[in-house]
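One structure is given below, encoded as structure tokens.
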Amino acid sequence: MTKKPDETLQFDRELFKRSVRYNVKTMFRKNIEDASSQEIFQAASYAIKDVIVDNWMRTQKEYEKKDPKMVYYMSMEFLMGRALGNNLINLKAYKDVAECLDELGMDINVIEDEEPDAALGNGGLGRLAACFLDSLATLGYGAYGCGIRYKYGMFKQQIRDGYQVEVPDNWLENGNPFELRRPEYTKEVKFGGYINVYKDENGKDVFKHEGYQAVRAVPFDIPIVGYGNGIVNTLRIWDAEPVECFQLDSFDKGDYQKAVEQENLARNIVEVLYPNDNHYAGKELRLKQQYFFISASVQEAVAKYMRTHDDIRNFHEKVTFQLNDTHPTVAVAELMRILMDEYGLSWDEAWDVTNKTCAYTNHTIMSEALEKWPIELFQRMLPRIYQIVEEINRRFIIEIERKYPRETGITDEKIRKMAIMYDGQVKMAHLAIVAGYSVNGVARLHTEILKNQELRDFYEMFPEKFNNKTNGITQRRFLLHANPLLADWVTDRIGDGWITDLSKISKLKSAADDANARKEFMDIKYRNKVRLAKYIKENNGVDVDPNSIFDVQVKRLHEYKRQLLNILHVMYLYNLIKDNPGMQFYPRTFIFGAKAAAGYKNAKLTIKLINSVADVINNDKSIGGKLKVVFIENYRVSNAEIIFAASDVSEQISTASKEASGTGNMKFMLNGAITLGTMDGANVEIVEEVGAENAVIFGLSSDEVIAYENNHSYNPMEIYNADPDIRRVLNQLVDGTYSPDDHERFRTLFNSLLNTESTDVADRYFILKDFRSYAYAQKQIENFYTDSNRWAKAAILNVAASGKFTSDRTIQQYVDEIWHLDTVKLPKKKQ
Ligand code: 26W
């Protein structure tokens with residue numbers, strides 16, 4: 001018998017086609033010719049799930065046999081996007097399936113477009129979790145993603161009359177073909193009530209939780225397919241169900257009340273993702289969501305461990321919990337509770353295990369993002385967890401007093417700044433740092449700021465816990481799937497090794513000096529721009545010229561990310577063109593995409609401003625189409641893939657020190673866009689990799705920003721008074737140029753920059769301070785692009801230098817320096 005290359009990867013096309021026909025018939029009672037695209041999507045997805053499930057079972061069997069150490073990646077958010085295309089890519093079956101669908105008379109792009117995004121996340125933090133799962137499976141590490149199965153994910157954004165309108169995202173409307181309900185792993189989670197303490201027969205304290213409300217947590221498993229290795233890991237998201245159903249005849253009034261409350265609790269808890277990015281709102285329901293999924297996940301992690309081991313004291317040898325920001329931090333107290341109350345460990349034993357199990361990632365230094373729960377709420381909702389956190393705090397304060405004895409004179413100051421509970425609040429970041437074994441930032445600069453500024457006191461006390469893990473992205477989704485033209489071009493030139501080892505992409509360097517290669521590259525970019533132009537025409541009704549420079553800023557809308565700086569600069573350029581009709585000007589298309597948190601006034605008004613500027617400029621025939629502004633509605637993972645592939649300029653213009661890392665910056669780079677950015681977050685490392693001559697950098701450094709913040713010495717009014725161009729642009733916010741029907745519409749944006757009417761800090765994000773340097777950088781971009789050889793060279797060098805920014809590298813560093821997991825390889829499939 002001849003041996004096939006790798007049996008796990010043989011894709012059986014005939015079986016697939018038969019299976020699609022069969023599914024269409026049994027699911028919809030139709031022949032394939034009569035089925036809708038949505039029905040074909042469903043049928044094809046179930047056919048693919050069938051293939052995945054075999055590998056899933058084999059993987060899980062192997063894990064049982066080898067018993068590797070595993071990571072539980074705990075996260076309130078997983079921004080997965082669409083699954084079908086990604087699963088096909090990782091099964092190495094994309095082209096096969098595209099051809100099969102073609103034979104059945106269907107276009108794979110149309111079928112993929114039928115799938116709603118799984119938008120269970122806001123932005124960077126949620127998408128990072130999704131990239132990490134992809135890398136973990138691809139590198140062969142045992143991993144669980146643990147999260148919440150929100151009924152409604154991130155809202156859909158509609159633009160009406162230039163304003164953002166939020167529309168519910170009923171993503172499960174047509175079901176989710178890839179998920180699997182696992183009722184056999186149901187857990188009970190308890191809220192409220194009180195704790196009774198009594199002694200058992202050995203005189204030991206027993207804590208009994210009474211008078212609580214309970215919810216059943218029911219897990220749904222989603223397969224995470226590794227690239228070409230047969231590994232399938234699990235994303236486990238929890239749904240909530242009421243503990244018991246109504247039995248209308250059998251209970252008294254008290255029970256009836258309780259039954260109704262429990263029913264409501266279950267219904268509300270997983271209803272919707274909080275759409276706030278980097279902003280803590282302190283909502284009671286959010287704390288419930290946190291404890292809900294954490295309690296269920298920790299219970300299951302412990303139960304699973306105890307199915308095959310007998311001493312819970314060694315839990316940390318097989319399990320580690322990574323806490324994605326502070327949102328899952330109740331995990332430390334929940335683990336303590338289970339170890340002590342259910343397994344009888346002493347405090348010290350439980351603390352030892354917890355300490356060796358939990359690790360925390362910080363994703364932001366924005367103070368308004370810090371989670372601080374009112375102690376009263378904590379105590380009322382989670383009475384046992386509260387007791388445990390209080391005891392952790394009590395012991396930690398003793399530790400502070402030991403390190404900073406009274407004679408130092410700083411004991412009280414340290415306690416005030418570092419305590420976990422202080423001033424009526426529970427500080428989740430402090431809890432995560434004290435209770436875990438690792439604290440990491442997400443880019444080198446960010447980690448340095450944590451160590452030297454934000455978390456300085458903790459770094460002083462626990463220097464060994466602090467480490468950096470610069471973020472990364474998966475090239476499987478963001479190049480191989482998102483940009484097939486460029487992916488094929490890369491593979492033709494250097495082979496396909498880059499798909500699982502992105503450091504190999506550096507072999508492209510030589511192409512930058514090859515005139516033919518540069519032409520091919522620019523050709524591909526042009527075709528991707530045509531694809532985006534078509535999308536923009538279909539979705540926005542705006543014509544854009546693929547020969548213009550596509551200058552793109554897509555990310556959540558936030559003042560620190562400075563979309564306002566970008567649009568003010570567009571207003572400035574427009575003035576320039578109007579004043580100098582004959583001037584040399586390379587045509588530019590400024591593209592924005594951003595969702596604003598529903599209650600974030602300035603962010604929403606910035607969207608209206610962008611659309612108002614677009615309206616005026618796009619309809620001004622006198623500028624001959626030199627300038628266009630487009631706001632892409634409902635920016636999300638699926639259209640991001642089209643956008644990155646088509647971008648020339650990557651706008652990464654946050655106020656230095658504010659963007660922890662950024663990951664969009666990496667996706668642009670991988671697709672050959674040139675960074676126009678500040679020295680913030682991972683931009684610093686991008687410039688280091690690609691060379692300063694292949695990026696355009698501007699603005700204050702993070703040290704300068706921090707210095708201004710500390711001495712309160714920045715006064716934007718001086719700039720307004722001294723610079724007539726800036727003054728003119730700012731005045732246009734309030735003179736009706738972009739709001740003829742209501743001159744006051746943009747007044748609050750004007751005020752946020754100059755603050756003539758309140759005591760708030762003016763121009764908190766240094767927009768005026770950085771404006772000139774930004775405008776100059778934009779001028780450099782124009783000159784740069786006009787020299788098309790130099791541009792093409794720089795763009796190719798960006799692709800070639802993107803190797804560091806794969807999430808495969810990031811995950812390998814987490815494994816080597818934090819988690820210490822074992823790799824697993826699947827045995828060859830038996831025939
Ligand atoms: C409590 C409300 C809340 C919600 C979300 C606070 C904070 C968040 C996230 C931490 C915000 C976030 O997504 N941060 C982003 O994380 C990315 C992944 O590490 C980084 O690349 C971004 O710079 C950072 O803004």
Side-chain angles (χ1 to χ4, degrees), residues 73-79 119-132 147-148 154 273-287 289-290 322-330 360-373 426-429 432 439-447 449-450 454 468-474 554-562 594-600 603 637 652-669 677-678 680-686 702 765 805 807 810-811 814:
Y73 199 81
M74 309 277 192
S75 180
M76 293 266 299
E77 305 188 12
F78 288 90
L79 226 186
L120 308 184
N122 274 283
L125 160 137
R127 182 56 231 179
L128 185 74
C131 286
F132 280 3
I148 298 174
M154 187 63 206
L273 165 81
Y274 278 99
N276 288 334
D277 188 83
N278 268 303
H279 185 83
Y280 166 71
K283 290 279 191 295
E284 184 163 332
L285 182 59
R286 170 133 171 137
L287 182 58
Q289 291 183 333
Q290 295 182 347
Q322 190 66 36
L323 310 178
N324 201 18
D325 215 276
T326 57
H327 321 154
T329 297
V330 284
Y360 155 61
T361 305
N362 175 290
H363 295 266
T364 182
I365 64 156
M366 303 290 293
S367 56
E368 64 263 40
L370 292 178
E371 293 190 297
K372 300 175 218 165
W373 296 106
V426 188
K427 299 182 178 175
M428 300 309 273
V439 178
N440 77 280
V442 290
R444 195 207 303 140
L445 175 69
H446 170 61
T447 301
I449 293 174
L450 291 179
E454 304 304 309
N468 176 246
K469 295 288 166 284
T470 297
N471 283 165
I473 56 163
T474 169
V554 286
K555 49 181 79 247
R556 284 302 294 265
L557 215 141
H558 205 293
E559 284 162 293
Y560 84 80
K561 296 176 188 280
R562 299 200 296 191
K595 290 181 185 175
Y600 192 169
V637 175
Q652 306 301 335
I653 62 177
S654 55
T655 310
S657 79
K658 304 299 180 204
E659 190 69 273
S661 161
T663 43
N665 46 4
M666 302 168 185
K667 297 163 196 170
F668 280 105
M669 182 192 201
T678 48
D680 198 16
N683 299 352
V684 176
E685 291 161 75
I686 286 179
S702 62
Y765 296 107
F805 303 105
S807 45
T810 312
I811 285 298
Y814 274 91

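Every number for a ligand or one of its atoms is a count from 1 in the order of the listing.
Side chain of Thr678 to backbone of Thr655: no donor-acceptor contact under 3.5 angstrom is found. The backbone N or O of Asn362 sits nowhere less than 3.5 Å from a side-chain atom of Asp325 that would complete a donor-acceptor pair. For Arg562 (side chain) and Tyr765 (main-chain N/O), a donor-acceptor pair under 3.5 Å exists by modelled atom type. Under a 3.5 Å cut-off, the side chain of Thr364 and the backbone N or O of Asn278 do not form any donor-acceptor pair. Judged by distance alone, the side chain of Asp680 and the main-chain N or O of Ser657 form a donor-acceptor pair under 3.5 Å.
Counting heavy atoms under 4.0 Å from ligand 1, residue Asn471 touches it through the side chain alone.
Scanning the protein heavy atoms around atom 5 (C) of ligand 1, the nearest turns out to be Asn278 N, 3.5 Å. Here the heavy atom of the protein found nearest to atom 4 (C) of ligand 1 is Asn276 O, 3.3 Å. Distance from atom 20 (C) of ligand 1 to its nearest protein heavy atom, with residue and atom name: Gly662 N, 3.7 Å. Atom 19 (O) of ligand 1 has His363 ND1, 2.6 Å as its closest protein atom, hydrogens excluded (heavy atom only).
The residue among Asp325, Asp277, Thr810, Asn362 with a heavy atom at the shortest distance from atom 10 (C) of ligand 1 is Asp325. Selection from Leu125, Thr364, Leu79 by nearest heavy atom to atom 12 (C) of ligand 1 gives Leu125.
Inclusion of Lys561 in the set of residues having an N or O under 3.5 Å from an N or O of ligand 1 is not warranted. Close N/O approach between His327 and ligand 1 is not found [any backbone or side-chain N/O within under 3.5 Å]. Below 3.5 Å of separation, one finds an N or O of Glu659 facing an N or O of ligand 1. Not one N or O of His279 is nearer than 3.5 Å to an N or O of ligand 1, by distance alone.
Shown are His279, Lys595, Glu559; of these, the side chain to side chain donor-acceptor pair (under 3.5 Å) with Tyr600 is made only by Glu559. For the side chain to side chain contact (heavy atoms under 4.5 Å, CB included) with Arg127, the qualifying choice from Thr474, Thr663, Asn122 is Thr474, the only one to do so.
If you number the atoms of ligand 1 from 1 as listed, the ones under 4.0 Å from a heavy atom of Tyr560 come out as 25 (O). Those atoms of ligand 1 with a heavy atom of Val442 less than 4.0 angstrom away are 19 (O). Atoms of ligand 1 lying under 4.0 Å from at least one heavy atom of Ala660, given by number and element, are 23 (O).
Shortest non-hydrogen contact noted between Ser661 and Val442 is CB-O, 3.4 Å.
The shell of residues lying under 4.0 angstrom from ligand 1, judged by heavy atoms, excludes Arg556. Using a 4.0 Å heavy-atom cutoff, Gly681 is absent from the residues neighbouring ligand 1.
Residues Lys427 and Leu370 have side chains not in contact (no heavy-atom distance under 4.5 Å, counting atoms from C-beta outward).
How far CD1 of Ile148 is from CG of Leu120: 9.5 Å, rounded to the nearest 0.5 Å.
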